[in-house]
Amino acid sequence: MVSAGEMLVLAGLVLAVAATRGFSQTNHLVTAPQTTQFLEIGSNFKATCMIINTTEVTADDLYWKLSKTTVSKELYTKLNESAISVTIPVTSGQSEWLLCRAEKGNSAYVSLNTGKFMYGVLLKKGYPPGKPENVSCVAVQEKTTISRIFRCDWATVGRQTSDVPTKYTLNVVVIHIRNYSVSTEGTHTQVEFVDTYPHFMNLEIWVEAHNMLGKIESEHITQDANSFVKTNPPSDIKVISEKYFPTSPLMNWTQPIDKSYGKLKYEIRFCTIGSPNWTYVPKGDIATDIQSFRLQSLQPYTEYITQVRSQLGHWSDWSGTTMKTAEDRPTSKPDVWRIIAEVDGKNERRVQFISKDPVFANGRIITFDIKIQEQKNDNLQWDTILVNGSESSDGQRVITVLKDMLLADLRPVRLCVTANNSVGTSPMASLFISAKGHEDPPVKGLKVWSAEGKLWLQWTPPNGPDLSEYVVEWVSGDQTDWQRENKNTRLTAIKGNLEGFVRYTVSVYSIYSGRIGKPASKEAYLKEGAPLEGPVVRLNDKPGRNEAELGWVEIPLHRQRGFIVNYTINYTGGGETHEITVPSNTISYTLKSLSSNTKYDTWINASTVRGSAQSSTHSFTTLKYAPGEVESIVVGVCLGFMFVVLMTMLLCLYKKDVIKENLWPRIPNPGESTIGNWSPDYPLKAETPKENCLSGISVLDVDVCDGKSMFEEDKACLPLKKDKYLSEEHSSGIGGSSCMSSPRQSVSDSDEGSDMADTTASTVQYSSVVASNGYKGQTPNPHPQQAVFSRSESTQPLLDSEENPDMMIQESSRQSQHFKQENPAEIHLLEMDQQQQQQEEGVESLDFCPLDEESEQTKSSEGQSAASSYMSQREGYRPQ
Amino acid sequence: MNGHVKSMHFQRFMETATTLLSLLLVMAFDSSRTVAASRNQQCGDSVQKSLKLSRLLQKESVDLIKTYKASQGEMSELFCKVSVNNVPDPNISGLEPSEKIASIYTHLQEFFPHFEWVYKQQTDLQLPTSPLLSDLRRFTAGSRNLAYLIKPFYQSLFPNVPLPEGGPTTLPPPQNVFQQKVYGCVVLKTFKELLSNVSRELRSLKSQVCRRRTHTNTLF
């Protein structure tokens, strides 16, 4: 059913089409409304689309698109065969096109002329303007008059969209005279009155908010123009503090604008410097149009900030000055306290009496009068203590040392103090110090904690009959401060300027009618932080093979910045890092299970509840062997060696026959040897050079390292000869008989070329050396007792030469004496030789006197000749 | 029985009517008092504002004359002692309040052309930045505001008596510079005198008109 309204729309469309004939010739669709529409979000919008000048399409072919979305057919209303309407809800805030389009698949004309079958209307969405609120206007003072600029502010209400912005128009009407109007898009603007500010005229002010969706006015304000005036604050403010009215200074000022502009109201306030709380003078006490006011109830000798402001319409800004009231007599007692320190070795206490100025000092305290009574009836004179003139800069009361004294432990004392300023004397304060051990009981259950930037204390009162008050004392280093609390206090905060990261010892003293009771104390921090440094780490002792004892020095108190809750020991070595946490009361720790011969780095973290600090790294290296381990090994080896030696010796002793059998086998019968027919060509003369004998002796001396019998040159050769000695020990095995082996040969064996040794070793399987006095001369000894030196180069056992057995015995015994003195082994061997000789008839001992170094040179050449004789012997022991 | 009942109904009707009538009378009286109080307050406010503005203008006139003298160069004191014709009379005429208020209004109106003339002359004599020019404009505007305040006050007091607008003002003939300086000072001084008279008259009018009207209304 088409309504009458819709018929009217259609009629309008027809008329519009007729009016825009030229347009209709190109377009076959037209909408109503045709122009941009401003729509209120939340409302419904209805549009109509009509087909004109064509029969290609009908209303059934029409459809609506909102931006890129096809509007649901349910929202369409078919008006007739050539017109449809649509009603859409206005939702989003974005502007969009509503298009009416036609679509007919079987019409080539429609397909080819889509532009003619489309018509759109732009929808801009927004909100109607909100009513401006809180309109306020002001005209400020300019020099001695009021400015013509009239500024107003207001608050907006409701929402806006960028498509439908709201503008505001400020209307100011000077009633009966002139209207002023200014528009803006913001929330404040100003008008400028013509020629002058309209004093005493009524103004009507309102703000109109308007946009494409409507307009609305704020409440109209009709007020006297002067009610919008904001004057400058009063100027030239002076506060006069009079000597006889220390609590009532007089305040003067100059009014900011002439009285003819209106009566000015004033407001006055004051506060002490540093205080955030202002004291306002009651408005009823301040008359209008005044230029002076006497303040009341101020504290004497106190700095105040006083301020005043004026009001014609709006209140002006504050203006003020600082002043200090005059002095007055102190009206409260001085705050007396004491510091007691024990004196070592004496039954005395060092007492320092200290005092703060009275709370109501009402001036600068110049002196304290003190009197110390040891007994009740003492009537002593008052001592006057001058006060240093300095004042605390942080608002804290200055502490004055009144007296230092030594007080016997069992002696009580009473201190009486008054404070004086330039005007008068304060009431008297007293303090009673009991004998040591006779103090009244302390408070119980003291708790101290930090909260809200303060240190809080809570305690349970003691069971004292005449408890009068408490004193809360806090000490940090040598700084002591205190405050008093009344006897009903259970919970309080320290009012002094405490510093963070500083350890305080907080004590609560109960005061019993002036007597100081025992304190209850706790340590506390206002604020804790991480320590500034770690502890100093060191090793308490040298590191062991698998353990090391670490020790550390506690961090200085002022660097701790909090209670140490624990220490964390870190050590790293061999690629592994270990961490051990120990309690805060630990100052040493033994690291165990360490690897030997490993470098360890160790450091300690000291932790508070707020963080930790690390010490510097300390390095140490564990031992390769545990202490005593090397000694044990050496001792073990030595013992083992000694055991082996001992066993060898025992073996030698017990098996000497076997050894002898093996080492010195029986010598064949010399009668069967060819050498038995050998006789020397010349008689063997027993003319042995003296030096040779000495040489022989000296060699033996060298062997035993007896310096007494050594020549100087021999001493110089001690190391070498020592080697020789060692070589001789070896050679004794080679030759089978040390007496038969020449020392030179032994030396050659070890030191000098191996040719001789080789020669000997390769040629001599068995050797027997028979020394005689005639050996050197190579002269055959005609006498049978003469010693004969012979050497067999054959592989046959050597045969004893036929020589004089007496001489042999003599020489041999002489030689044996040396051996007895020096080398038991040699001696033993010699004895064995002698026994052998005795056993073997006809075989005599040979004497052999080795040469010294020099002699050996000579002998060497002689030896060569001897060697040649060896050669001849080698070739058949031919007679020499 | 019926007659007695009718009589009782009538008595009740009469009591109700009497009560209603009394109530109406009380309401009417109270209403008249409220209206009278409101009018009285308006009267007082209008006079008070006019009085305050006249005092402010008086103060400003003193300052303006000082500024005028300071800006006229040498012999400025002498200018203000010379008498000049064609300057409106500062005296308030009339015996009745309406006549006095009308006189105040017409006198104020008469001065405005002279202010304009002085401003024009001084514009030629002073630099554009001279404070005298801005002070003159501000003072003239304030004086007009006073006239604007007087007019509705008069109309509220005497709604049936038209307020005379005043006759044509005779401005002085062409003057030389000296005459212009003298003329300006005389106009300002005369107007200051007028303001003094206005203040005095308004004070008396405040006590006469507003109280009398209150008294009249109260009697009513």
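So that the names make sense, note that chain A is the first sequence line, chain B the second, and so on, each numbered from 1.
- Considering CZ of B/Arg138 and CZ of A/Phe193, their distance stands at 15.0 Å, rounded to 0.5 Å.
- Expressed to the nearest 0.5 Å, how far CZ of B/Arg137 lies from CZ of A/Arg148 amounts to 9.0 Å.
- The line from CG of B/Leu149 to CE of A/Met201 is 4.0 Å long, rounded to the nearest 0.5 Å.
- Within a 6.0 Å sphere centred on CD of B/Gln155, heavy atoms belonging to other residues, nucleotides or ligands number more than 12.
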Evaluation steps, side-chain contact (heavy atoms from CB on, under 4.5 Å), between A/Ile177 and B/Arg144
CA-CA 9 Å; A/Ile177 300 177; B/Arg144 286 184 190 279; over 6 Å; no
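- Both the backbone and the side chain of B/Lys52 come within contact range of chain A, each with at least one heavy atom under 4.5 Å from a heavy atom of that chain.
- Residues B/Ala141 and A/Thr196 approach most closely at CB-CG2, 3.3 Å, considering heavy atoms.
- Environment of CZ in A/Phe245: sparse, with no more than 12 heavy atoms of neighbouring residues, nucleotides or ligands closer than 6.0 Å.
- For chain A, no part of B/Gln48 is nearby; none of its heavy atoms comes within less than 4.5 Å.
- Residues B/Lys49 and A/Asn202 meet the side-chain proximity criterion, which asks for heavy atoms closer than 4.5 Å.
- Summarising the local packing, CZ of A/Arg294 is surrounded by more than 12 heavy atoms from other residues, nucleotides or ligands at distances under 6.0 Å.
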side-chain contact (heavy atoms from CB on, under 4.5 Å) between B/Thr140 and A/Asp195, worked out:
CA-CA 8 Å; B/Thr140 304; A/Asp195 296 335; over 6 Å; no
Counting only pairs under 3.5 Å, give me each side-chain donor-acceptor contact of residues 276-293 of chain A, with atom names and distances, residues two or more places apart or in other chains.
| from | atom 1 | to | atom 2 | distance (Å) |
| --- | --- | --- | --- | --- |
| A/Tyr280 | OH | A/Arg269 | NH1 | 3.0 |
| A/Asp289 | OD1 | A/Leu264 | N | 3.3 |

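- In this structure, no portion of A/Asn226 lies under 4.5 Å from any heavy atom of chain B.
- Within a 6.0 Å radius of NZ in B/Lys100, other residues, nucleotides and ligands contribute more than 12 heavy atoms.
- Interface check for chain A: of the options B/Gln58, B/Lys59, B/Arg55, the most heavy-atom pairs under 4.5 Å are formed by B/Lys59.
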